[in-house]
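Heads up: numbering here begins at 1 and tracks the sequence.
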Amino acid sequence: MKSKPLHIKLDQKQEKLKSELDMQDDVVFKQIFIPGYEVSGLFVFVNGTMDYPAFNEIVLDLSAAQVETKHPVSIEQLVISKICSVREQDVETYETAKEHIFDGKTLLFIDGMVKGYVLNLEKEKNRTFGEPSTERVVRGPKMGFIESLQENIGLIRQYSNHPKLIVKQQKFGTMEKREVALIYYEGKARDSLLKEVNKRINEVKATDLQDSGMLEELIEDTALTPFPQIQNTERPDKVLAALQEGRVVIMVDGSPFALMAPTTITMLLQSPDDYYERWVAGTFLRILRYFSLFVTVFLSGIYISLVSFNPGLLPTELAMSIAGTRENVPFPPFVEAIIMELTIELLREAGIRLPAPIGQTVGLVGGVIIGQAAVQANLVSSLMVIIVSITTITSFTVPQYSFGLAFRALRFGAMIFAAVLGLYGTTLFFIIVISHLSKLTSFQEPYFQPMDFFGKKTWKDAFLRLPKRKKGGDSLGPIRRQNS
């Protein structure tokens, strides 16, 4: 349906706009009078989005305008001269006028003129920059992204003033128009990667994007996996490192999380602390994380396998000690483990939803009290409480929260396989996970790419964090395959 052009009379414009806007109570119509030209003007905007000091300044300038005696100018020239600093474009139809009003812009109409002017007097409501809440480091920058796309891009520009840093912005969405920015280094990001990213973004038919996590799910390689195929971060230093590696960064207006693609499993296990501390400490912490992942997924399953199916593999004294702790427990090890694991997950979820001081108290006190009470009631063994506590602690060592969630879910799969097939089931589940990760891709790049131990560069930053002099002084992040 073709949009109707604006009326030339101001009162007709106002009546038509009111009908087009369905008489919305938060839409303000403010008329002014320009005495020197004996004409009226009309401002239309959504209440609460206005930068009122700037608006009042324009109103005063127009209301005090007089006709110059020596060099008179037309009303159009006068208005343009007063609004030139905030003028964006002109509108000539009611449909485009309505879109700009609900986009937070201010429209100015002058009696006797068909077109209107779009003014950028929007006052953005943003929180101030602060430390990232999900990726804290002991040493390093304490700055994190906020919900404003333009502020975030400006922060990246502050970290990198290189002229080859390219930012491409576009809007999409059928109901809520969200702006998405594609950021990369020209000459470092491969053309094939840029084409693939643009293709997937352009194919998105979402009605609304409230966060980059919604876009991540729509453009990832496959949804049939618990593992994130796109890395997200609140930290501008990680974004800069990804850009220098030739990766592409995607940011969505309204979200403080940037998406970085492609992604490999080693990237998700790296923390900025690895590069801001001494290389020995960085290497130790990195190896500790890999060990923690194995413990998180398989420790409960190994316990179930050994106690239920293969107690003969345990040393005699240890086997007798475990049997003593389970003497009065009425449940098999699998049920015992499920009860404790689900209890811990419920406490962890409750701690996240509650206010911070109360959440910490519920998590700590709840875990201790419930565990002790369960042991005294002979519902679970004391060793099971220790094992669940260890797996819970190790699950927090993963720097990427979404990646840690995947392994927390896999832990229950390992327990089921162990309860059915014993150690054979635990080994089989391990092989299934490794096979799945080996087939997984991120923007058509192998998820296990840095695990190529025959490569000259890629393996060096997978498990170890070698001294920068040995690696050529590269920035935060592993050495990637360079463009040919």
Side-chain angles (χ1 to χ4, degrees), residues 99 103 145 147-157 159-225 227-236 238-265 267-268 400 402 439-447 449 477-478 480-484:
E99 289 178 2
D103 197 31
F145 291 125
E147 286 74 15
S148 172
L149 177 61
Q150 301 307 322
E151 293 287 346
N152 291 338
I153 293 174
L155 187 59
I156 294 174
R157 290 285 188 186
Y159 272 70
S160 173
N161 57 3
H162 201 287
K164 289 192 175 183
L165 179 63
I166 307 299
V167 178
K168 300 288 187 181
Q169 295 179 238
Q170 60 176 310
K171 286 187 177 182
F172 68 97
T174 55
M175 294 184 64
E176 299 287 341
K177 297 289 184 181
R178 289 282 175 175
E179 197 158 13
V180 175
L182 189 66
I183 309 172
Y184 59 93
Y185 268 123
E186 186 180 13
K188 287 197 173 184
R190 289 177 286 107
D191 292 338
S192 59
L193 174 61
L194 293 173
K195 289 180 181 179
E196 184 66 23
V197 173
N198 277 301
K199 175 187 174 185
R200 296 190 187 187
I201 291 179
N202 292 329
E203 289 176 351
V204 171
K205 303 298 181 184
T207 57
D208 186 22
L209 290 175
Q210 294 294 338
D211 187 81
S212 59
M214 300 175 69
L215 179 63
E216 175 184 351
E217 188 174 354
L218 294 171
I219 63 175
E220 62 186 3
D221 288 44
T222 176
L224 303 177
T225 178
F227 298 102
Q229 297 138 67
I230 302 176
Q231 188 178 12
N232 64 78
T233 184
E234 288 183 277
R235 301 186 60 86
K238 288 184 70 172
V239 165
L240 185 61
L243 292 170
Q244 292 172 347
E245 295 165 8
R247 299 163 70 192
V248 174
V249 174
I250 306 168
M251 303 194 75
V252 178
D253 191 23
S255 173
F257 287 89
L259 305 179
M260 299 175 290
T263 298
T264 62
I265 190 171
M267 295 176 186
L268 298 171
Q400 191 78 36
S402 57
K439 294 192 299 181
L440 205 59
T441 60
S442 173
F443 283 85
Q444 302 179 353
E445 291 291 330
Y447 211 54
Q449 181 177 329
R480 303 285 173 240
R481 185 179 70 238
Q482 300 298 317
N483 299 329
S484 57

Checklist entry - Could you walk me through whether Lys171 and Asp103 pass the side chain to side chain contact (heavy atoms under 4.5 Å, CB included) check? => result CA-CA 12 Å; Lys171 286 187 177 182; Asp103 197 31; 3.3 Å; yes
Item to check | Steps toward side chain to side chain contact (heavy atoms under 4.5 Å, CB included) verdict (Val252, Met214) | outcome: CA-CA 10 Å; Val252 178; Met214 300 175 69; over 6 Å; no
Item to check | Test side chain to side chain contact (heavy atoms under 4.5 Å, CB included) applied to Leu215 and Arg178, step by step | outcome: CA-CA 11 Å; Leu215 179 63; Arg178 289 282 175 175; over 6 Å; no
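You'll find the side chain of Phe145 reaches within 4.5 Å of the side chain of Val239, heavy atoms only. Looking at heavy atoms from C-beta onward, Thr264 lies out of side-chain contact with Glu445 at the 4.5 angstrom threshold. Contact check for Lys238 versus Gln231: side-chain heavy atoms found under the 4.5 Å cut-off. Two residues are said to be in side-chain contact when any heavy atoms from C-beta on lie closer than 4.5 Å; Leu165 and Ile156 meet this criterion.
A donor-acceptor pair shorter than 3.5 Å cannot be found between the side chains of Arg235 and Thr233. Looking only at atom types and distance, the side chain of Asp253 has no donor-acceptor partner in the side chain of Gln150 under 3.5 Å away.
Across all non-hydrogen atoms, the minimal contact from Pro262 to Arg247 is O-NE, 2.9 Å. When all heavy atoms of Tyr184 and Lys168 are compared, the closest pair comes out as OH-CE, 4.0 Å. Between Pro228 and Leu268, the shortest heavy-atom distance links the atoms O-CD1, 3.8 Å. Closest approach of Thr263 to Ser442, counting heavy atoms only: N-OG, 2.9 Å. Closest approach of Ser255 and Asn152 over heavy atoms only: O-ND2, 3.8 Å.
Remark: Phe257 CZ to Glu147 CD distance equals 9.0 Å, nearest 0.5 Å.
Geometrically, Arg200 engages Phe443 in a cation-pi contact defined by less than 6.0 Å to the ring centre and at most 45° from the axis.
Counting only distance, with no hydrogens or angles, the side chain of Ser212 and the backbone of Leu259 share no donor-acceptor pair below 3.5 Å. Using modelled atom types, one side-chain atom of Gln400 and one backbone atom of Asn232 make a donor-acceptor pair closer than 3.5 Å.
Listed by chain and residue number, His162 satisfy the ring-ring contact (aromatic ring centres under 6.0 Å, His included) test with Tyr185 (two or more places apart in sequence, or in another chain). In this structure Asn202 satisfies the side chain to side chain contact (heavy atoms under 4.5 Å, CB included) test together with Gln170, Asn198, sequence neighbours excluded.
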